[in-house]
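Not measured: the values here are computed from a predicted model.
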Amino acid sequence: MPTREEGAANMLGEGEGNVPVQGEGVVLTRGEGGAAGVLEGVRAVLLDMDGTLVDSDAAVERSWRTWAVRYGLSEDAVVAAVHGYPAPASIRRLLPRLSGEELEEAAQVLLDLECADLDGVVAARGAGELLAVLAERAIPWAVVTGSGAGLAKARLAAAGITPPLLVSLDEVAVGKPDPEGYLMAAAELGVAPAACLAVEDSDPGIAAGRAAGMPVAALRGLSGDLPIAHLGELAAHLNALDPHNPAPAGRHS
């Protein structure tokens with residue numbers, strides 16, 4: 001696994017439109033030829049968890065609302081401010097007056113609330129279809145999440161999903177929008193970052209994928225290289241690729 005410095009050296013920059021992105025002998029041109037153009041050269045799929053692979057929106061919101069009340073903050077303001085960011089970073093922004101010890105305590109309060117509330121946590125729409133296509137085409141995949149390992153495993157288990165690789169907040173020094181998690185997952189899978197498709201549902205996540213030099217499939221109507229309404233749509237795009245060349249160009253894992 002590369003160090004953070006090595007990961008930074010491999011970061012390929014970000015861009016939109018017809019911008020060539022290069023890495024380890026791979027050249028992937030974004031924004032050409034619709035979905036096929038974006039997916040050409042993709043050899044691995046890296047998925048965010050909450051709101052992307054796992055439908056945990058209601059549980060996440062309940063936990064943050066309860067936490068907000070406990071700390072005397074506006075529930076609506078808190079819920080609007082935290083999506084896509086690691087919880088400790090969000091808490092630091094929401095309560096900048098906290099000392100380091102108080103920040104850890106506040107983060108633990110939230111984590112306890114989240115781990116105790118898995119009601120309604122299920123696989124996101126189309127997740128089963130996508131994972132079936134990835135398995136059929138032998139495309140490696142991973143989950144890259146801003147949640148800690150314990151919470152991530154609990155939510156994934158509740159959704160009936162066991163990823164072959166999980167990169168959680170516990171494994172990185174800096175969470176999204178920093179690209180470290182995505183670069184780490186690419187390195188673990190042995191796939192060049194430019195040959196990995198990041199799948200995200202938040203602005204911080206999209207920024208992280210782009211900073212890692214990856215094309216990004218974006219949910220919730222957000223701006224990405226490949227807008228999708230749900231994971232089943234991505235599965236259909238992947239399934240439409242040439243079955244004899246499902247993931248051209250790039251370094252094999």
Could you go through the side chain to side chain donor-acceptor pair (under 3.5 Å) check for Asp117 and Ser63 one step at a time? CA-CA 7 Å; Asp117 187 354; Ser63 297; 4.5 Å; no
| query | Is there a side chain to side chain contact (heavy atoms under 4.5 Å, CB included) between Ser90 and Trp64 once you walk through the steps? | reply | CA-CA 11 Å; Ser90 293; Trp64 274 111; 4.0 Å; yes
Worked check of side chain to side chain contact (heavy atoms under 4.5 Å, CB included) between Leu238 and Leu134:
CA-CA 8 Å; Leu238 288 169; Leu134 296 178; 3.9 Å; yes
Side chain to side chain contact (heavy atoms under 4.5 Å, CB included) assessment of Leu94 paired with Val82: CA-CA 9 Å; Leu94 292 165; Val82 300; 4.0 Å; yes
- prompt: Is there a side chain to side chain contact (heavy atoms under 4.5 Å, CB included) between Leu189 and Leu165 once you walk through the steps?
  reply: CA-CA 8 Å; Leu189 294 178; Leu165 173 64; 4.0 Å; yes
Discussion item. With salt bridge (Lys or Arg N to Asp or Glu O under 4.0 Å) as the criterion, how do Lys176 and Glu200 come out once you've worked through the C-alpha distance, each side chain's angles and the decisive distance to 0.1 Å?
Written reply: CA-CA 11 Å; Lys176 299 172 187 177; Glu200 278 285 353; 2.7 Å; yes
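Between the side chain of His237 and the backbone N or O of Ala240 there is no donor-acceptor pair closer than 3.5 Å. Arg137 places a side-chain N or O within donor-acceptor distance of the main-chain N or O of Asn239, the cut-off being under 3.5 Å. Between the side chain of Ser99 and the backbone N or O of Glu102, at least one donor-acceptor pair lies under 3.5 Å. The backbone N or O of Val174 lies less than 3.5 Å from a partner atom in the side chain of Glu180, making a donor-acceptor pair. Arg62 places a side-chain N or O within 3.5 Å of a backbone atom of Asp119 that can act as its donor or acceptor partner. Of the possible donor and acceptor atoms, one in the side chain of Asp225 sits under 3.5 Å from a partner among the backbone N and O of Val216.
Within the 4.5 Å cutoff, no side-chain heavy atoms of Leu47 are placed close to those of Val144. Residues Leu46 and Val143 have side chains not in contact (no heavy-atom distance under 4.5 Å, counting atoms from C-beta outward). With a 4.5 Å cut-off on side-chain heavy atoms, Val172 and Val167 count as touching. With contacts defined as side-chain heavy-atom distances shorter than 4.5 Å, the pair Pro193/Tyr182 does not qualify. For the pair Ile161/Leu53, a side-chain contact is recorded, criterion being any heavy-atom separation below 4.5 Å from C-beta on. Using a 4.5 Å cut-off on side-chain heavy atoms (C-beta onward), Leu103 and Leu95 make no contact. Residues Asp170 and Ser168 are in side-chain contact: their nearest non-hydrogen atoms beyond the backbone lie under 4.5 Å apart. Between Leu156 and Pro163, the closest side-chain pair of non-hydrogen atoms falls below 4.5 Å.
Taking CZ from Arg155 and SG from Cys115, the interatomic distance works out to 8.0 Å, rounded to the nearest 0.5 Å. One finds the CD1 atom of Ile91 at 11.0 Å from the CD atom of Glu104 (value rounded to the nearest 0.5 Å). Here the CG-CG distance, from Leu39 to Leu226, works out to 5.5 Å after rounding to the nearest 0.5 Å. For the atom pair OG1 of Thr145 and CD of Glu171, the computed distance is 10.5 Å after rounding to the nearest 0.5 Å. Put simply, CG on Asp57 and NE2 on His83 are 6.5 Å apart, with the number rounded to the nearest 0.5 Å. Separation of atoms OG (Ser147) and CG (Asp50) is listed at 4.5 Å; rounding is to 0.5 Å.
Enclosure of atom CD in Glu101 is not indicated, since only 12 or fewer non-hydrogen atoms of other residues, nucleotides or ligands lie within 6.0 angstrom. Summarising the local packing, CD of Glu75 is surrounded by more than 12 heavy atoms from other residues, nucleotides or ligands at distances under 6.0 Å. No more than 12 heavy-atom neighbours from other residues, nucleotides or ligands sit within 6.0 angstrom of CZ on Arg70. Counting heavy-atom neighbours within 6.0 Å of Arg125 CZ, excluding the residue itself, gives a total of 12 or less.
Closest approach of Pro86 to Gly175, counting heavy atoms only: CG-CA, 3.7 Å. The shortest non-hydrogen separation linking Ser223 to Ala218 is C-CB, 4.1 Å. Shortest non-hydrogen contact noted between Ala208 and Pro179 is O-CB, 3.4 Å. Residues Val42 and Pro215 share a closest heavy-atom pair of CG2-CG, 4.4 Å. Shortest non-hydrogen contact noted between Gly224 and Pro227 is O-CD, 4.2 Å. Ala123 approaches Ala159 most closely through the heavy-atom pair N-CB, 3.4 Å.
If you chain together hydrophobic residues whose side chains sit under 4.5 Å apart, Tyr71 and Val78 fall into the same group. Hydrophobic clustering places Leu231 together with Leu166 (ILVMFWY residues linked when any side-chain heavy atoms are closer than 4.5 Å, directly or through intermediates). If you chain together hydrophobic residues whose side chains sit under 4.5 Å apart, Val60 and Leu219 never meet in one group. With hydrophobic clusters built from ILVMFWY side chains whose heavy atoms lie under 4.5 angstrom apart, Trp67 does not share a cluster with Leu111. Under the 4.5 Å side-chain heavy-atom criterion for Ile, Leu, Val, Met, Phe, Trp and Tyr, Leu234 and Val133 are members of the same hydrophobic cluster.
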